[in-house]
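Have a look at the structure below before the remarks.
Small disclaimer: the values here were computed from a predicted structure and weren't measured. Positions are given from 1, in the same order as the sequence printed here. As a basis for the values below, the full set of heavy atoms in this structure was taken, side chains included, without hydrogen atoms, waters or symmetry mates.
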Amino acid sequence: QVQLVESGGGLVQAGGSLRLSCAASGSIFSINAMGWYRQAPGKQRELVAAITSGGNTNYADSVKGRFTISRDNAKNTVYLQMNSLKPEDTAIYYCNADWKSPADLSTRSSWGQGTQVTVSS
């Protein structure tokens, strides 16, 4: 199993910034993609940003220009720099990784426990 541990969430005022980190550990052959999802109360979990091992990125329209995703492949860590935060960004943010097992090279997916981001107006 691959375990993902998130950090960096918290309470900030509108217009402020936070930097989320997610470190993957365990028996991993390779990680194809890592990303951040969020879920607000009463809403479905949605993709915020994702990045492949080759560095390709994609973002939700609502965060383009404000959030930046990056990764350190050597450390199996993904980051999400969140600037110009808005109250509507308030949600639980979950880290996700798509990875291959070294045992059979099967593609698997793991989720972190989530970290709360709250933006006050």
Problem set entry | Test: Arg45 cationic atom under 6.0 Å from Tyr94 six-membered ring centre, within 45° of axis | yes
Exercise. Between Arg66 (side chain) and Ser84 (backbone), is there a donor-acceptor pair under 3.5 Å?
Worked result: yes
For this session: Find out whether Ser120 and Val12 are in side-chain contact, i.e. whether some heavy atom of one side chain is under 4.5 Å from a heavy atom of the other.
Result: no
For this session: Starting at CG of Leu80, measure out to OG1 of Thr68 and round the result to the nearest 0.5 Å.
Result: 8.0 Å
For this session: Establish, from distance only, whether the side-chain atoms of Asn83 and Ser17 form a donor-acceptor pair under 3.5 Å.
Result: yes
Exercise. Is Arg19 positioned over the aromatic face of Tyr79, cation under 6.0 angstrom from the ring centre and no more than 45 degrees off axis?
Worked result: yes
Problem set entry | Whether over 12 other heavy atoms sit under 6.0 Å from Gln116 CD | yes
Problem set entry | SB check Lys86 Asp89 (cutoff 4.0 Å) | no
Exercise. Okay, side chain of Thr77, backbone of Lys75: is any donor-acceptor separation there less than 3.5 Å?
Worked result: yes
Seminar exercise, completed: Rounded to the nearest 0.5 angstrom, the CG-OG distance for Asn96 and Ser109 is 4.0 Å
Seminar exercise, completed: Closest non-hydrogen contact found for Val63 with Val48 is CG2-O, 3.6 Å
Seminar exercise, completed: Given the options Val5, Leu4, Thr115, Cys22 meets side-chain contact (heavy atoms from CB on, under 4.5 Å) only with Leu4
Exercise. Rounded to the nearest 0.5 Å, how far does OG of Ser121 lie from CD of Gln13?
Worked result: 9.5 Å
Exercise. Going from CG on Asn58 to CG on Leu47, what distance comes out if it is rounded to the nearest 0.5 angstrom?
Worked result: 5.5 Å
Exercise. Say you draw a straight line from OG1 of Thr57 to NZ of Lys64; how long is it, rounded to the nearest 0.5 Å?
Worked result: 9.5 Å
For this session: May I ask you to check whether Thr107 and Trp99 show a side-chain donor-acceptor distance below 3.5 Å?
Result: no
For this session: Taking the side chain as every heavy atom from C-beta outward, state whether Leu85 and Phe67 have any pair of such atoms under 4.5 Å apart.
Result: yes
Exercise. Are side-chain N/O atoms of Glu6 and Gln113 paired as donor and acceptor at under 3.5 Å?
Worked result: yes
For this session: Please examine the side chains of Tyr93 and Met82, heavy atoms only from C-beta on, and report whether any two atoms are closer than 4.5 Å.
Result: yes
Problem set entry | Met34 CE to Ser110 OG distance, which is reported to the nearest 0.5 Å | 9.5 Å
Exercise. Out of Val117, Leu11, Val119, which one pairs with Leu18 under the side-chain contact (heavy atoms from CB on, under 4.5 Å) rule?
Worked result: Val117
Exercise. Can you check whether Trp111 and Tyr37 have ring centres sitting under 6.0 Å from each other?
Worked result: yes
Exercise. Between Asn32 and Thr52, is there a donor-acceptor pair closer than 3.5 Å when you use the side chain of the first and the backbone of the second?
Worked result: no
Exercise. Ile92 versus Arg38: any side-chain heavy-atom pair under 4.5 Å?
Worked result: no
Problem set entry | Residue pair Asn76, Ser25: steps toward the side chain to side chain donor-acceptor pair (under 3.5 Å) verdict | CA-CA 7 Å; Asn76 287 331; Ser25 62; over 6 Å; no
Problem set entry | Heavy-atom donor-acceptor pair, Ser101 side chain to Leu105 backbone, under 3.5 Å | no
Exercise. Between Val2 and Ala24, what is the shortest heavy-atom contact and its length?
Worked result: CG1-CB, 4.1 Å
Exercise. Between Ala97 and Ile31, which heavy-atom pair has the shortest distance, and what is it?
Worked result: CB-CG2, 4.4 Å
Exercise. Does Arg71 reach the main-chain N or O of Ile51 with its side chain, forming a donor-acceptor pair under 3.5 Å?
Worked result: yes
For this session: Compare every heavy atom of Tyr59 with every heavy atom of Ala49, then report the nearest pair and how far apart it is.
Result: CB-CD2, 3.5 Å
